There are 2 protein chains.
Amino acid sequence: MQDATSNRFRVYSELRSRICLLDYPPGTRLSEETLAAEFGTSRTPLRRVLARLEDEGLVQSIHGVGTIVTDVDIEEMLHVYDLRMELAQLAGSLSPIDITDQTIQAVRHFHNQSEALKRDPTARAFAQLNMAFFHFGLTLSNNVALRDMSERLYYKTARIWLKSISKMDLAAEVDIFCREIEETQNAIVNGDTSAAALIRRAHISMCVHRLRKS
Amino acid sequence: MQDATSNRFRVYSELRSRICLLDYPPGTRLSEETLAAEFGTSRTPLRRVLARLEDEGLVQSIHGVGTIVTDVDIEEMLHVYDLRMELAQLAGSLSPIDITDQTIQAVRHFHNQSEALKRDPTARAFAQLNMAFFHFGLTLSNNVALRDMSERLYYKTARIWLKSISKMDLAAEVDIFCREIEETQNAIVNGDTSAAALIRRAHISMCVHRLRKS
DNA sequence: TCACCCTCCGTTGTACACAACACGCGACTC
DNA sequence: GAGTCGCGTGTTGTGTACAACGGAGGGTGA
């Protein structure tokens, strides 16, 4: 057992992940008591985590009913996507990092993983890799505020893609993702964070278009 | 007594206001029990409010010590200001509102109030009017996500100005603020939200420069 | 005189009991 | 038979006692 803060973050992170990977699909009723028991704590600290998830719009607590995982709809989230695109682009101009060998190695790692995914594509593994690659994208700017806001907005919309993938062509999506990583790798190797940011923005935009059509 | 949610927001809003108006200067130790008594509740719901303020960086709770109002430093906040400027500008291009007579009337109201402030300037009244005018600026975009993020960042930095005003020329600052409102009024009357957003961005930028010199 | 320790006090963190509330089901009434 | 009331059950919200912890102050020994 660590100190309270890190333990809280662990629980928060785990629940957020379950919600965004649809382990808890929209409409699921979470029981405070059950979750508290699972994480080996009591309702009080767990409620603090749920309160944060509620502030971020991932769950909704209703007195006398339960804590319910919210539903997400692409049309309602268009505003969020608009902002996410702008923030993605800003990552290239607001305090961009100096690219080191470590950065290049990281993007190569993602390239390898995306190729492996192409050979054995599953929706869940794809979503997880996408999430990890998003976090890598955050590290391209040193602006902490930008990172925080981007992350918050990302998790607000992360479920939409996974909810729609059954109606889309998984192999084609993986292919597009692979190419995004390749393009990003080219930009990073050339030390061009600005280009990497624009690539990211473009792919968010295209992804929204594909999602709306499905 | 209203329902839990609105009551919680009332307490949150009040505490945030006290912190940002320096009723609780940085370093102040807040007592959960005292505050709970003041708002006629118990520690439990009050702690939820403090938890949110802690997530937003306005206070810090330390086990065994207390809940302490954080200090803010302009140099640490430069990243936040950078992002705030970008968001201010985006308010003009991301889902800008259609300007109605109501909007024009609102900005006229601020103009009048700023003129009144010029006649009897106090730092606190200035800070309050500035805050109100900021909230007006938020209404210029229909993008809810943009509004939320802008507000969050604004309150992160709001105290810096008030902390430095004693070392600056209050009358001159009021004058600049009056002109900002006048310029905004011109833009709004012409139906040009984009220009209003750029004016706002410019004034944030200039304000940061003045603050760093003081 | 200084360094160390120990105890006391106030604070935040946690656990738990109870209140407030929503929903469903069954009985009762018309 | 339909509508309505009331109660039981399960949930979140609140209050409160206690545990965990940090710091200050005084005492003690070298």
Side-chain angles (χ1 to χ4, degrees), chain A residues 1-16 18-20 22-72 156, chain B residues 1-16 18-19 22-72:
Chain A
M1 179 75 72
Q2 305 259 358
D3 67 325
T5 304
S6 67
N7 196 37
R8 190 162 56 222
F9 182 76
R10 189 177 60 85
V11 175
Y12 164 76
S13 186
E14 174 63 26
L15 288 182
R16 187 180 64 177
R18 289 183 191 176
I19 291 171
C20 291
L22 300 189
D23 294 333
Y24 298 144
T28 306
R29 222 181 52 193
L30 306 177
S31 162
E32 296 182 350
E33 208 141 358
T34 308
L35 287 175
E38 179 191 339
F39 290 108
T41 177
S42 81
R43 277 181 62 209
T44 308
L46 194 117
R47 276 176 62 74
R48 175 156 178 182
V49 171
L50 289 179
R52 177 163 171 190
L53 290 171
E54 185 170 15
D55 283 341
E56 295 174 354
L58 298 188
V59 303
Q60 185 185 12
S61 288
I62 305 174
H63 190 183
V65 178
T67 302
I68 291 150
V69 177
T70 55
D71 199 0
V72 284
K156 243 179 147 67
Chain B
M1 180 76 71
Q2 305 258 358
D3 67 322
T5 305
S6 67
N7 197 36
R8 190 162 56 221
F9 182 75
R10 190 178 58 85
V11 175
Y12 164 75
S13 185
E14 174 65 26
L15 288 182
R16 186 179 65 178
R18 289 183 190 176
I19 292 171
L22 300 189
D23 295 333
Y24 298 143
T28 306
R29 221 181 51 193
L30 305 178
S31 162
E32 295 182 351
E33 208 142 356
T34 307
L35 287 175
E38 179 191 340
F39 289 107
T41 177
S42 80
R43 279 181 60 209
T44 308
L46 195 116
R47 276 175 63 74
R48 175 155 177 183
V49 171
L50 289 179
R52 177 161 172 192
L53 290 171
E54 184 170 16
D55 283 340
E56 295 174 354
L58 298 188
V59 304
Q60 185 185 13
S61 287
I62 305 174
H63 191 183
V65 178
T67 302
I68 291 151
V69 177
T70 55
D71 200 359
V72 283

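Since we're looking at a predicted model, the values are computed, not measured. Just so you know, these numbers use all the heavy atoms, side chains as well, and skip hydrogens, waters and symmetry mates. A note on names: the letters A, B, ... follow the listed sequences, proteins ahead of strands, and every chain is numbered from 1.
Atoms CG (B:L30) and C1' (C:dG10) sit 15 Å apart, rounded to a whole Å. We find that CG of B:L46 is positioned 12 Å from C1' of D:dT14, with the value rounded to whole Å. Taking atom CZ on A:F39 and atom C1' on C:dT14, their separation rounds to 17 Å, with Å as the unit. One interatomic measurement links the two molecules: CZ of B:R47 to P of D:dT14, which rounds to 14 Å at whole-angstrom precision. To the nearest angstrom, P of D:dG10 lies 17 Å from CD1 of A:I68. When the P atom of D:dT14 is taken as reference, atom CD of B:E32 falls 15 Å away, rounded to whole Å. Between the CZ atom of A:R48 and the P atom of C:dA15 there is a distance of 14 Å, rounded to whole Å. Spacing between atom CG of B:L35 and atom C1' of D:dT14 amounts to 17 Å, rounded to whole angstrom units.
Counting distance only, with no hydrogens placed and no angle test, the side-chain atoms of A:R43 and the base atoms of D:dG13 include a donor-acceptor pair under 3.5 Å.
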For this session: Kindly determine whether B:R47 and B:E32 satisfy salt bridge (Lys or Arg N to Asp or Glu O under 4.0 Å), including the steps that lead there.
Result: CA-CA 7 Å; B:R47 276 175 63 74; B:E32 295 182 351; 2.8 Å; yes

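Regarding contacts with the backbone of D:dG15, a side-chain N or O of B:S42 is found under 4.0 angstrom from either OP1 or OP2.
Comparing B:T41 and A:E33 along DNA chain D, the residue whose closest nucleotide (by nearest heavy atom) sits nearer the 5' end is A:E33.
Between A:R8 and A:T5, some side-chain heavy-atom pair lies under the 4.5 Å cut-off. Using a 4.5 Å heavy-atom threshold, the side chains of A:F39 and A:E14 count as touching. Looking at heavy atoms from C-beta onward, B:L30 lies in side-chain contact with B:V59 at the 4.5 angstrom threshold. With contacts defined as side-chain heavy-atom distances shorter than 4.5 Å, the pair B:V49/B:L53 qualifies.
Within residues 51-66 of chain A, the residues having any heavy atom under 4.0 Å from DNA chain D are, by residue number, A:S61, A:I62, A:H63, A:G64, A:V65, A:G66.
Surrounding CD of A:E38 are more than 12 heavy atoms belonging to other residues, nucleotides or ligands, all under 6.0 Å away.
A:R29 comes within contact range of the sugar-phosphate backbone alone, with a heavy-atom separation under 4.0 Å but no base atom that close.
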